[in-house]
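Values in this document were obtained by computation on a predicted structure and should not be read as measured data.
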Amino acid sequence: MKKGKGMEFVGDSRITADKKKFIPKDYSEYPGKTEAFWPNFLLKEWLVGAVFLVGFLCMTVAHPAPLEKMADPTDAAYIPLPDWYFLFLYQLLKYEFASGPYNVIGAIVIPGLAFGALFLAPFLDTGSKRRPIQRPISTTLMFLGIISVIWLTWEAASHVEWETRAEENKPVLEQEVDINTEDPGYAVYEQSCISCHGENLQGGAAAPSLIGIEYDVDEIKDIAVNGINTMPADQFEGSEEELQQLAEFIVSVNEEAE
């Protein structure tokens, strides 16, 4: 066969005739409106995330979350609270329309609709505009979600006495303390306090430990008569002399524990 004569060219259907090399799109024709995902956009996202993470870590160091004592299923007076990022759901369950027989509405239906709306936002608003005012559906859902979470969290947190709660529920290290059962104050303690505070002042389900407290004799006498926190008043029914013996006994035990 002679060159140039009788030759046939067969095309491959798997290769398009207008195939071009992979060349990144030139965004110079849209100045200020769009940019390459890598590295421009992704780098900005990383920088914003890093700033937020550093700020959050600084907050946790400056204001660490208080630790509480070990869980005690027999303590009926303990009121559990969720972590701060679930407080808004905790507050939602306090309202009549979302609690009691309507608990399913507050626990599943309302949060499900709220988060479902956020998931559906990109599909409900498919506009190409970037300004928030030009995307009313997405912007409205975003603001409603943020305002609701902030307000419910504030309502839940404002009704909790955090310092008192942390003091009442702080972990107490178990200490082996020699209790002088011959002390006259111990006899008074057996009559008035042992049922709640335990045989060795270690505390129990209904009352905290009396080991490691920093009250003096007069303060303990006042607490025994007038109560404190969850301890009601008029729990002590002995004489003034017995009250003095009880307070001195508790103080002496704590001095030995130090």
TODO: With sequence neighbours left out, write down each residue that passes ring-ring contact (aromatic ring centres under 6.0 Å, His included) with Y85, or none if nothing qualifies.
DONE: none

Open item on the list: Working note: V251 + I220, criterion side-chain contact (heavy atoms from CB on, under 4.5 Å); need CA distance, chi angles, decisive distance, verdict.
Closed with: CA-CA 8 Å; V251 170; I220 293 176; 3.6 Å; yes

- [ ] First locate atom CZ of F88, then atom CG of L93, and finally report the distance between them rounded to the nearest 0.5 Å.
- [x] 10.5 Å

- [ ] Search all heavy atoms of L92 against all heavy atoms of G106 and return the closest pair with its distance.
- [x] CD2-O, 3.5 Å

Open item on the list: Count I, L, V, M, F, W, Y as connected when their side-chain heavy atoms are under 4.5 Å apart, and connections chain through other members. Are M142 and L120 then in the same cluster?
Closed with: no

- [ ] Mark yes or no for whether S252, through its side chain, and F249, through its backbone, hold a donor-acceptor pair below 3.5 Å.
- [x] yes

TODO: Indicate if L152 and L144 have the same hydrophobic cluster label, given that clusters are the connected sets of ILVMFWY residues with side-chain heavy-atom separations under 4.5 angstrom.
DONE: no

- [ ] Please report the shortest heavy-atom distance between T139 and P132, naming the atom on each side.
- [x] OG1-O, 2.6 Å

Open item on the list: So P111 and L89, do their side chains get closer than 4.5 Å, heavy atoms only?
Closed with: yes

TODO: Hey, can you tell me if W151 and Y95 have their rings parallel, tilted or perpendicular (30° and 60° cut-offs)?
DONE: parallel

Task: Heavy-atom closest pair, residues Y90 and P80 - done: CE1-O, 4.3 Å

Task: Crowding at CG, L57 (>12 non-hydrogen neighbours, <6.0 Å) - done: yes

Open item on the list: With a 4.5 Å cut-off on side-chain heavy-atom distances among I, L, V, M, F, W and Y, is there a chain of contacts connecting L141 to I133?
Closed with: no

Open item on the list: Tell me whether F56 at atom CZ has more than 12 heavy atoms from other residues, nucleotides or ligands lying less than 6.0 Å away.
Closed with: no

- [ ] Decide whether W154 and V149 are clustered together by the hydrophobic rule: side chain heavy atoms of Ile, Leu, Val, Met, Phe, Trp, Tyr closer than 4.5 Å, transitively.
- [x] no

Task: Interatomic spacing from NZ in K44 to CG in L42 - rounded to 0.5 Å - done: 12.0 Å

Report, one line per pair, each donor and acceptor closer than 3.5 Å where one atom sits in a side chain of residues 241-248; sequence neighbours left out.
unit_1, atom_1, unit_2, atom_2, d
E242, OE1, S239, N, 3.0
Q244, OE1, K221, NZ, 2.8
Q244, NE2, E248, OE2, 2.8

TODO: Could you state whether I150 and I110 fall into the same hydrophobic cluster, counting links through intermediate Ile, Leu, Val, Met, Phe, Trp or Tyr residues with side-chain heavy atoms under 4.5 angstrom apart?
DONE: no

Task: H159 to E155 - nearest heavy-atom pair and separation - done: ND1-O, 2.6 Å

- [ ] Output yes when a side-chain donor or acceptor of D83 lies under 3.5 Å from a complementary backbone atom of F86, and no otherwise.
- [x] no

- [ ] Calculate, to the nearest 0.5 Å, the distance between atoms CG and CD1 belonging to D218 and I223 respectively.
- [x] 11.0 Å

